[in-house]
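As the structure lists them, so they are numbered: ligands from 1, and atoms in each ligand from 1. Sequence positions, counted from 1, serve as the residue numbers for this chain.
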Amino acid sequence: MILVTGVSGSVGGAVLSELLRSESSVRGFYRSQDEANKALPKVETAIGDFADRASLDRALDGVETVFLVCSPIPQLVEFESNVIEACRASGVKRLVLNSAFGAGQYDKSFPAWHSVVEQRLKASGVPFTILRPESFMQNIVTYYSGTIRSEGAFYAAGGTSPLAFIDLRDIAAVAAACLTREGHTGATYTLTGSEALSYAEVAERISKLTGTTVRYVDLPPAKLRQSLLGLGMPAWQVEALIDLQAFYTAGPGTTISGDVAKVLGREPIPFDQFLHDYALSFAAEKTKA
Ligand SMILES: NC(=O)c1ccc[n+]([C@@H]2O[C@H](COP(=O)([O-])OP(=O)(O)OC[C@H]3O[C@@H](n4cnc5c(N)ncnc54)[C@H](OP(=O)(O)O)[C@@H]3O)[C@@H](O)[C@H]2O)c1
C-alpha cells in the first residue's frame with residue numbers, strides 16, 4: 001500500500017493520478033472528509049493532519065511506501081518532520097520526498113526549509129528518494145495567466161536569468177516511478193525541463209502560441225513587495241518569494257539536470273508542449289462590445 005500525502009494539492013494530486021494508471025494500491029491522506037469524498041472509489045482514504053501524530057499512525061497502518069509533500073508554509077519543517085518520524089516508527093520501507101531545487105544550495109526561503117527536512121530524512125534511517133523540482137511550468141498558469149488574458153502582460157521580479165521550468169506531470173511520473181520501482185533508494189534527483197527560458201522568452205513563446213503580443217514586465221523587488229503586500233499576501237510569504245527570486249536571478253536556475261530522462265527513459269515534456277496543452281488558459285479575453 002502506498003500512502004500519498006497532499007492529494008488535495010497540485011503535486012500530490014498528480015502523483016495519485018499517475019499511480020492509479022499503474023494499478024497500485026493507493027491510500028490518499030486528506031485533511032477533511034469533504035475532500036476525501038471526492039476520491040475515486042479505488043482510492044482508500046485516510047483523514048488526518050500532519051500536526052496530529054495519532055492520525056498519521058492510523059494512516060500508515062499497512063503502508064510500506066509514502067509520498068510526502070506539504071504546502072510551502074512556515075510549518076513545513078515541523079509537519080514533514082512529524083511524518084518522517086511516524087514513518088520511522090511504523091517501519092515504512094520507502095519514502096519519496098518532494099523537496100525543491102536549491103535545497104542544500106541556498107540558505108534562505110523555501111530551499112532552506114527543504115534542506116532541513118532532507119537532513120532529517122537522511123538521519124531518520126527511513127529508505128528515501130529526494131526529488132528537487134525546479135519552478136513548475138504550471139506556476140505560469142496559476143500566477144500569471146489572469147493578467148496575460150486580461151492585459152496581455154505579466155509581472156514578476158525574475159530579471160533576465162533563464163529557468164529550466166519543469167512540467168508538474170513529469171514530477172508526478174518520476175515520483176510514481178520512484179514509489180513503485182526498485183533502484184532509486186538513496187538518490188536525490190534534480191527535476192528540470194530540457195531548456196531554460198527567461199520570463200521575456202516565456203512571453204515570446206506565449207505570444208507565438210496565442211497570436212497576440214504578451215509582454216513580461218520585470219518589477220524591482222521593492223515594487224513587487226509593495227504589490228504583493230497590497231494584495232493581502234502575508235509578509236513571511238512575500239519575503240520568501242522575493243528571496244527565492246533573488247536566488248534564481250543569480251543564475252542557478254539555468255541548470256538542466258537530465259534526471260527526468262534518467263528515471264523515465266524519455267525527455268521531459270517540452271515547454272511548447274506544456275503551452276499547447278494549457279493554451280485555453282492564455283487566450284486573450286474578448287473585449288466587450
Ligand atoms: N511551485 C513551485 O514551482 C515549486 C517548485 C519546487 C518545489 N515546490 C514545493 O512543492 C510543494 C508545494 O506543492 P503543491 O504545489 O502541490 O502545494 P499545494 O497545492 O499547496 O498542496 C499542498 C498539500 O499539502 C496539504 N497540507 C498542508 N498542510 C497540511 C497539514 N497540516 N496536514 C495534512 N496535509 C496538509 C494540503 O492540504 P489542504 O488542501 O487541506 O490544504 C495540500 O494537499 C512545496 O513544498 C514547495 O516548496 C514548489
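Heavy atoms only, all atoms of each residue included: V92 and P127 are closest at O-CD, 3.9 Å.
Around ligand 1, the residues contributing at least one heavy atom under 4.0 Å from the ligand are G6, V7, S8, G9, S10, V11, F29, R31, D49, F50, V69, C70, S71, P72, L76, F79, N98, S99, A100, H114, P133, E134, S135, F136, N139.
Applying the side-chain hydrogen bond (donor to acceptor under 3.5 Å, both in side chains) test to residues at least two apart or on different chains, the pairs with a partner in residues 60-84 are S81-R120. Counting only residues at least two apart or in different chains, salt bridge (charged side-chain N to carboxylate O under 4.0 Å, His left out) contacts with residues 262-282 comprise R169-D277, D170-R266, R205-D272.
Taking T212 as the reference, T210 meet the side-chain hydrogen bond (donor to acceptor under 3.5 Å, both in side chains) condition, with sequence neighbours excluded.
Using cut-offs of 30° and 60° for the angle between ring planes, the F274 and F271 rings count as tilted.
Under a cut-off of 6.0 angstrom, the local environment of CG in L231 is crowded, with over 12 non-hydrogen atoms contributed by other residues, nucleotides or ligands.
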